[in-house]
Structure formats: C-alpha cells, structure tokens
Amino acid sequence: MLTKELEKAFEPAAAEKRLYDYWVKNNYFHAQDKSDAPAFSIVIPPPNVTGMLHMGHALNNTLQDVIIRFKRMQGCNTLWMPGMDHAGIATQNVVEQELKKEGISRHDLGREKFLARVWQWKEKYGGVIINQLKRLGCSCDWERERFTMDEGLSQAVREVFVRLYNEGMIYQGDYIVNWCPRCHTAISDLEVEFKQDQSFLWNIRYPYADGDGEIVVATTRPETMLGDTAVAVHPEDPRYKDKIGKMVILPLMNKKIPVIADDYVTMDFGSGAVKITPGSDPNDFAMARRHNLEIISIMDGHGIINEHGGSYKGQERYEARRNVVADLEKEGYLVGIEPYGHNVGQCYRCKTDIEPMVSKQWFVKIKPLAKQAMNAVTKKKTRIVPATWEATYFDWMTNIRDWCISRQLWWGHRIPVWYCDGCGKVIVATIDPDVCPDCGGASLRQDEDVLDTWFSSSLWPFSTLGWPKRTKALKTFYPTSLLITGFDILFFWVARMMMMGIYVMKDVPFHDVYLHALVRDEKGEKMSKSKGNIIDPILMIDQYGTDAFRFTLAAYTAQGRDVRMSPERIEGYKFFVNKIWNAAKLTLGSLADFDPEAPCDAPDSLPEKWIKARLNKAITDVIAALDEYRFNDATAAIYHFIWHEYCDWYLEVSKPALYGKVGPEQKSVTQRTMKEVFGIMLQLLHPFMPFVTEELWQALHLHNSDENSIMVSAFPTAQAAWDDQAAVEEMEMLMEIITSVRNIRGEMRISPSQKLKVLISVADEQGKKAIEAGCDYIVNLANLESLAVDVNLAEPEGVATGVVGPTRIYVPLAGIVDIASEKARLEKELAKVDKDLEHSSRKLANHDFLEKAAPEVIAKEEGKLKSFQEKFAALETALKKISGISL
RNA sequence: GGGCGGGUAGCUCAGCUGGAAGAGCGCCACGCUUACACCGUGGAUGUCACAGGUUCGAGCCCUGUCCCGCCUACCA
C-alpha cells in the first residue's frame, strides 16, 4: 500500500512551504458565515503594519493556532480572524523618517500628499508580518483579512464616534493632557511610561508682597515657575494659617500671586508649601479649577518657552531650567538644592519626556462604560484566565479617568466633526456633510485631529465581522469565543474592547480571555534591541523548524509564568520531531505488507491493550489541558506518551512480532494497532506541530475519509473500550521486571551483550501464568538467554536479586561478576527501603493518624507498609545469603 | 505608597481541592541491539527562601521576615 519511503530526516523548510500552500489551496482555513456546526472564533490581536515578527507575536499566535486547530478538528465552524493595525504614531514616524532622508517634512508635502505616501509605504513594506505568521503555520482565514484603516472599519469608527457623541459620551474641552513635544501630539494616560530619574529638588523663596518675610517652595521643575499662579498650603497648617489669602511675589516674573489653601498639600513634605503651575502639572490644573486660578501655558508644542515666559521666550525647556536656576541664584531666591529621585513620564513611543499641557482635546466619558465592563466580568459573561488578572482589571477600571482620544497626527481616522465657518455650528456625522444644516453655508472645516489608534482597535471584535452592517458572520461569530493576548495590553486593548463591545453590541466581545506572559531571554531579561538579546523567531524557524519552535513555546507556557526562551530548548524539541520521524519510519516500514482491507479478527494481546489504555489517558489529558488553556500540561502529556510509552515500550516490545518472529496473526494485530495508535498520536500532536504531523499523516496514508488532511480530521476522543486497568497493571508489572533486570545489569556493569539466565519466583499460579505469558517480552527486552518461572522458588546460590512486588528476580552471577558488588548494590537498595519502611510504620503507629485520617488514606498507607516490609525482607534474605557465600 | 507573581535537583520549570517531591536539559557509567548516537540502558542529586502557627499529617493553608520580578500611584 505504501509507495515511497521516508527521507532520512524531516526537512522542515521544504515541507512547511508545500504543506501550507496545500492547506490554503484546499481552503481549510476558511470559516463558514453560516453553518450547523458550533461556531468558534478568535480575533487576532492585530499586529502593527510596521511590525516584524518578534517572540511575543510568535508566542501569542502559536497559542491561538493551537486552540484554533484543536477546535477545528473537534468539528467547530472555526474562525480565526486576521488583520493588522494602522498604528498611528508608529507608522507616521516611519514615513516621516523616510521623508527626512529626502530632506523634507510632512508639512512640506501637506496632509493629503503625506497620507498618499503612507498608503504607498503600507502597500509596499507593510504587512511583512503577515507572511511571517504564515511561516509560523497560522491557520487564519486569510480571505477575511482586515486593516483598521479599511473602508468598512473606518465606517465603524465613525458610526461609534457619532453614537457616543449623540449620547453625550464624547466631549471636547481644554484640559491638561500628556503632550509629547517630539511627536507633537497628546497621548493618553496609558501611553505614558514612568521612569526613575535622579534629579534635584530646588528650594525657592517667594517673598510676601507686603514685605513681611517669605515662603519657601520646593520643585523638581524650576522652569515651570514662570507659569505659577498661586502657592498652596494645607488649610490646617499652623505655620501658614494666617498667611492664606496673602500675596507673594513670583521671582523673575515680578508678579503677585495668592497663597491659597487646599488639602491636597502634604504638610510634612518640604516646607509644606507648594507652587502651583496649572499649565504644566495635572494636579495643579485640578487645583486651579477648584480655586478659579489663572491657567497659563508657558510652552508651545515643541517644548519651547513662549511669550508667557517673559525673557525666557524661545528657550528650550531644559535650557530654560538652567537659566531660571542661575537667575534665581544670582538674585538670591535660591535657598538650596538637594538630590532627589522621582519619576518622570516619557512618551512610550519615543521616550521623550512628557510635557503636561493644556489643550483642546476630545474625551470619552469612561466611567459608565467601565462600570458595565466590570459587571460583565463579575457576572462571568467574560472569564479572565488566569483569574489573578481579574483583580488588576477591576482595579484599573475602578480608578479609570476619561480617555483622551484625539491625536494631533495625520495618519489615522480623522475625527468626524466639522465646523461651519458661517454660523459656527458643530456638525458630527457619519457621512461627510456638504453644507451646514443650520445656515446652509458650504464653508465647512473638518476637525484636524485623528483618533487614538486604540479607538479603532477597541471595535475590532465586531468591526472585522462587518459591523455596522448586520452580516451573517457577525451573527455567527459575535461574541467571539476566546481572545488570546499578552497581559501587557490588558488595559490598552482588552479593557477597551470590553467597554466598546458592551456599549455598541450590547454583549461582551468574547467569552474567555487568556492572558499569557512575556517572552524573555534565558536570563529572564526582557528582550530589547538596545540590550541586543533579541532572539529572532524566523531565525529559530529556519534553524530548528516551525514545529519544534511552536512546541517549545507551548511547552513553556505555564499559566502566569514568563517564558524564558533559549535556543537549546528548541533544539531539544527538534530532537523530539526527529524521534517521531524515526518512529514513523519504523511504522511505515512495518506496514509495507499490511493490508488494511483484510479483516483481522484476532484479539489484542497485552501490549496492544496496554498502549491503547495509555493512549486513552493521553487523549483525556490533552483535551482537559487544552480546555483549560494549560498548554504546558498538554505538551507534556503528548511528549511523554509518544517518547516514553509508544517508542520506548510499545515499539520495542512489538519488534519481534513485526519481524515475523511471533507469527502472522500477531503481526497483523501489531500492524493494526500501530497504524491506529500512531494516527491518533499525530492527531493529538497536530495543533502543536502542524507540519510534521501532516507530512506523516499523508505519507502513512492514515486518513480514512475523502479528506486527506489531518487538519480537518476529527480530533481523537477517549474510547471506553480501551480502558483496561488489569492490562495496564499486568503490562507494567512486566515492565518493572524488565527494568529490574536492566538495573542489575547496569549497576553490576554487566555488558549489554552478555545474555543472562534468569530465574523468577512468583507467589502463586496466577502470577506464574502472567509471567509466562509475558516471557518473550522479558527475554527480548532484558536480553536473556533463558527465563525460568516457578512458584515460591528457593533462592539459588550466587545470584543478584531483584524485587518487584511479590515477585523475585534472580540473576545468577557465576562467572559474570564478583559477589562484592552485588552486596553493595543490595545494601544500597536496602537502605532506601528501610527509610520508606520506617516512615510508613511510624505513621501507622500514630493513634491520631489512625483516628483522624480518612479510611482510604490509611488503607493506602497499610498497603505501602506491607510492600515495603516484603521488599525489605526479600532484600535482607538475599543479602544474608550472599554474605554467607562470600565468607 | 498600594497591588500582583515568584523564591522546589547544577539549569529551566511542573506539582489540581493538604497524605513525606516530579519532568526536560545537564551530569556520571555502559552500549554503534537492522526507526532514531538528533539514540538506547542504567545511575546520582533536593533541611521545597527563612521563622513561627493550624493539622494526626504542609511544598501546598495562616502570620511575619528576607530577597527577585512586574504592574500601578498626584507627595511638589
């Protein structure tokens, strides 16, 4: 039945390409808009168009593909929705860099031409990552690929903006926001990264206007004093109680500002008085609103002091700091400087120090949305896995502040708001208006700003399915079944999808969220370009093959744990692929004369019963693990079964049958079983190692249906008929006997090629029968010349003794090895058992234990004690005997 | 300042609702037995961070301490 032989080793590179093309050609990744099969859907965390595949992506998408393939094989109508994110700031930066090389800025080009350039860039270089995902084996429904700037998705953005606006959930206003002086845009609170900075605390004196002394304030940002509009103290502070309401002179500016009282001030910090700069500090801004203080912005968007900064106008902010400090000192206002460590906010994208600035921005009123998003998790409509993240989610949602959604960029969804030059009317619409609905004027200007990239991402679970159109896909796949993403974007993305999904769709965006950890290097450090410890996933794929790489990622994904990636580990699993390949070669060779059509009614013999029972266990374990996203447990179960049960034991024990030494009937039974078990094994492994499993599935003609591909075959289920505890125990008893002989061989340094004559003593006739039935297995695997079994055999002279339960294994040593080494071996064994025995008996001598422990625990302990006692006695007898001889 | 996670074999980690510890890699010894040396067989290794407590019994539960990560926060 088989035509071609397998190559010496699996060649990943060629096979991967061929098989992936084959899958795509056969449309296996495609999900049906409507189907009788249960729907299962995942939307991909859309990578940035500018992105290249890194370890985080590799992990994230491997896990998704594992689940997707698993569910697809389980018969679900499975959708993995792929796509990309336009990544406003990142992409705009890339193209601006490109322009810079040509010596021009985006302003030289103008908005329209610049955007044309970005699109051009996107078509040409964007989406490299999509092809990289294909190399990872991702079975996304590529026909449905979406981009956040697509027509449809842009429509969804407008639709949601208008709805939020009309319902009073979006507002515009002058507020203090996080401003990046390099990107020239506002960013949200989340996009600010705080970094420890060793700086100074400058203490400055502000004299009272009436000449009656002074007040000292401390600041980490002396240059902002140019915009101070008050000094604040705590209302209860006895030092300042009578100063409240007085005026002080603002140094350098020669301006009078009031002393106000606010309990925001901490009395025991510094002098207990704080300068208030509403234009440059969020807290001061809040205070200014409470006290109706003047709000002065002393800087422009580039971080340069403007006309409100007096003589410092035109100076860059840090230059201004130096000059302000120098002048304060010169004029005697500087009281002192002390070293001070504090946090400085930086732009997450370009690491420039953030400048809090007052500007007109659009905001989403977030509290009502957050409340619903929390409810959904409380009521388990969405389950967060691992559950430890729930606390973080709730905490963030509880303390959330309004979301600044406007960005002063060009690349992105332009805010659908127009202003009428004629009457000043504000028009908010999903379709570009031609004329003002109020005055009919045609001179309309659209808002210059675009929306935060995360605004469109937050709609991803339904916008990709066609919303606002009521598509079949939307009906079938929303809410999606599962989201798999890194915990680092829990707030950025997951939380916002929750809010928007519930707000727009009236239902949660996904039932389960699985949050995985970060991939670090082998020393546990975060990978970064600057550290130079980046491991390129594509390089790993080239080197070890996709299957080994994916298996490694899954194997090291324990819940809530970081993944420490190291090439050595991947290599280890490459060896596993090789092992499977070679097992297939043996299987394939052995099946050469197997006729699957010819009926073989012969019953399974012991090894067949055993391997099927063990396979059942593997199936059960893998399914249970995957159902709970315990990826490492699933890989461990498969690895152990394939290597240590199927290869190490079943194949070894079956070799005589395969080589025709046992008879044609047993050969057929073995062939039948090998084929079945090997096929199921491949199916279990397929979600993790899609390529090698497909290759072997086809090479071995394991499919039974018209569908040739393993990826659309039915995922295995445990079969009750295969559970056979008696067979497992009997087989494992034989295995222990074999191991026992091998142990003696190894410990005594008996050459593997030295055939042994072994005697076995059993407790009863039943035991005798069992061993006799397994005699051939023992002879073969322990490499014996002969094996004799009898009930209660007297211990012979000059033997090494092994103990397995009630069974004694005697290996005659005459002429093979000296007695002393057996004595040493027995003593070692004995010491081990003695320790166990001691513990067990002490436990059973304890009255409290006997009274209070569960009966089954006591029974188990009694069983243990008995077997320890037996073993001890047997070893002791053997030792006495052998000692007697040596004397 | 709050919160979360972690400290288990040389390394990387498993260990579910408590019944005296496991895997992979590495290490040591032996071995080219017709799938595989990307292999086989055997072996060694742990006061489960520390100190108390609960319990008949704790790696697992409670309290405290010490380290290590991460997230979060307006003490100028």
Side-chain angles (χ1 to χ4, degrees), chain A residues 6 8-10 194 201-202 217-221 224 232 264-277 281-284 286-287 340 342-343 386 388-389 391-392 395-396 399 487-488 490-491 517-518 520 522 524-526 548 555-556 558 560-564 566 568-569 571-590 624 628 630 632-633 636 639-640 644 647-648 651-652 655 659 738-739 742-753 780-783 835-836 839-840 843 846-854 856-858 860-861:
Chain A
L6 290 175
K8 182 136 176 52
F10 181 53
F194 286 91
L201 203 53
W202 284 271
V217 297
T219 179
T220 53
R221 300 202 57 193
T224 63
Y264 155 77
V265 181
T266 312
M267 278 189 267
D268 44 13
F269 185 89
S271 64
V274 56
K275 61 191 262 325
I276 301 301
T277 320
D281 184 283
N283 302 302
D284 295 3
M287 203 184 294
Y340 191 67
H342 67 135
N343 289 329
T388 48
W389 288 106
T392 310
D395 183 60
W396 187 73
N399 299 312
F487 67 76
D488 50 324
L490 176 60
F491 306 143
L518 254 47
R520 298 169 182 281
E522 46 208 310
E525 290 185 34
K526 211 166 165 174
Y556 285 90
R561 277 276 193 157
D562 285 338
V563 176
R564 293 201 185 188
S566 92
E568 288 75 42
R569 298 212 184 111
E571 192 184 27
Y573 287 115
K574 189 191 122 187
F575 297 161
F576 180 45
V577 173
N578 183 253
K579 185 77 182 175
I580 296 162
W581 186 261
N582 278 289
K585 266 166 63 180
L586 176 65
T587 306
L588 183 74
S590 312
E628 293 167 47
R630 287 184 286 112
N632 59 326
D633 287 344
Y639 185 94
H640 184 262
H644 298 303
C647 291
D648 284 354
L651 287 183
E652 291 306 326
K655 275 177 180 175
Y659 296 149
I738 292 163
T739 303
R742 286 170 170 174
N743 169 281
I744 289 170
R745 195 190 277 282
E747 293 273 289
M748 318 272 297
R749 305 281 164 84
I750 301 170
S751 152
S753 54
N780 280 312
L781 296 186
N783 194 27
K835 220 173 128 194
D836 292 338
H839 259 148
S840 210
K843 202 166 181 178
N846 185 338
H847 290 294
D848 287 325
F849 174 71
L850 295 172
E851 261 170 51
K852 292 173 185 172
E856 61 267 25
V857 172
I858 297 172
K860 198 176 153 195
E861 200 58 44

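Each chain gets a letter, A, B and so on, in the order its sequence line appears, and its residues count up from 1.
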[X] has an atom [atom1]; how far is it from atom [atom2] of [N], in whole Å?
| X | N | atom1 | atom2 | value |
| --- | --- | --- | --- | --- |
| A:Lys852 | B:rU55 | NZ | P | 8 Å |
| A:Asp281 | B:rC74 | CG | P | 10 Å |
| A:Phe269 | B:rG1 | CZ | C1' | 14 Å |
| A:Leu490 | B:rC4 | CG | P | 15 Å |
| A:His640 | B:rG24 | NE2 | P | 8 Å |
| A:Trp202 | B:rA76 | CH2 | P | 13 Å |
| A:Glu851 | B:rU55 | CD | C1' | 14 Å |
| A:Leu850 | B:rU55 | CG | P | 19 Å |

Determine the Euclidean distance between corresponding [atom1] atoms of [M] and [N]; express it in Å to zero decimal places.
| N | M | atom1 | result |
| --- | --- | --- | --- |
| B:rA49 | B:rA9 | P | 9 Å |
| B:rG10 | B:rG46 | C1' | 11 Å |
| B:rC27 | B:rG59 | C1' | 26 Å |
| B:rG42 | B:rG24 | P | 12 Å |
| B:rA29 | B:rA44 | P | 15 Å |
| B:rU55 | B:rU63 | C1' | 16 Å |
| B:rG53 | B:rU72 | C1' | 33 Å |
| B:rG6 | B:rU45 | C1' | 24 Å |

Would you indicate what [X] reaches in the nucleic acid, counting non-hydrogen atoms under 4.0 angstrom: base, sugar-phosphate, or nothing?
| X | result |
| --- | --- |
| A:Asp268 | nothing |
| A:Ala853 | base |
| A:Val577 | nothing |
| A:Phe194 | nothing |
| A:Tyr340 | sugar-phosphate |

Heavy-atom side-chain contact between [X] and [Y] under 4.5 Å:
| X | Y | result |
| --- | --- | --- |
| A:Val274 | A:Phe269 | no |
| A:Asn780 | A:Lys655 | no |
| A:Lys275 | A:Asp284 | no |
| A:Tyr340 | A:Thr220 | yes |
| A:Leu586 | A:Leu651 | yes |
| A:Phe849 | A:Ile858 | yes |

Over all heavy atoms of both residues, which pair between A:Asn783 and A:Arg745 is shortest? Give the atoms and the distance, please. O-NH2, 3.0 Å
What are the two closest non-hydrogen atoms of A:Ala232 and A:Met287, and how far apart are they? CB-SD, 3.7 Å
Do A:Arg569 and A:Tyr556 meet the cation-pi criteria used here (NZ or CZ under 6.0 Å from the six-membered ring centre, within 45° of the axis)? yes
Contact pattern, 5' to 3', of nucleotides 35-46 of chain B - B, S or - by protein heavy atom under 4.0 Å: BB-BSSSSSS--
Using side-chain hydrogen bond (donor to acceptor under 3.5 Å, both in side chains) as the criterion, list what pairs up with A:Asp268, not counting sequence neighbours. none
Given [options], the nucleotide with the shortest approach to the side chain of [X]:
| X | options | answer |
| --- | --- | --- |
| A:Thr219 | B:rA76, B:rG19, B:rU12 | B:rA76 |
| A:Ala854 | B:rG5, B:rG19, B:rA76 | B:rG19 |
| A:Phe849 | B:rA76, B:rU12, B:rC56 | B:rC56 |

Return the 5'-most residue of the pair A:Trp396, A:Asp848 with respect to RNA chain B, ranking by each residue's nearest nucleotide. A:Asp848
With a 4.0 Å cutoff (strictly under), does any side-chain N or O of A:Arg749 reach OP1 or OP2 of B:rA29? no
If the plane angle is over 60° it's perpendicular, under 30° parallel, otherwise tilted; pick one for A:Phe487 and A:Trp389. parallel
Dot-bracket for RNA chain B, please. Rules: Watson-Crick or G-U, both distances under 3.5 Å, ( ) within the strand, [ ] when a pair crosses earlier ones, | for another strand, . otherwise. (((((((..((((........)))).(((((.......))))).....(((((.......))))))))))))....
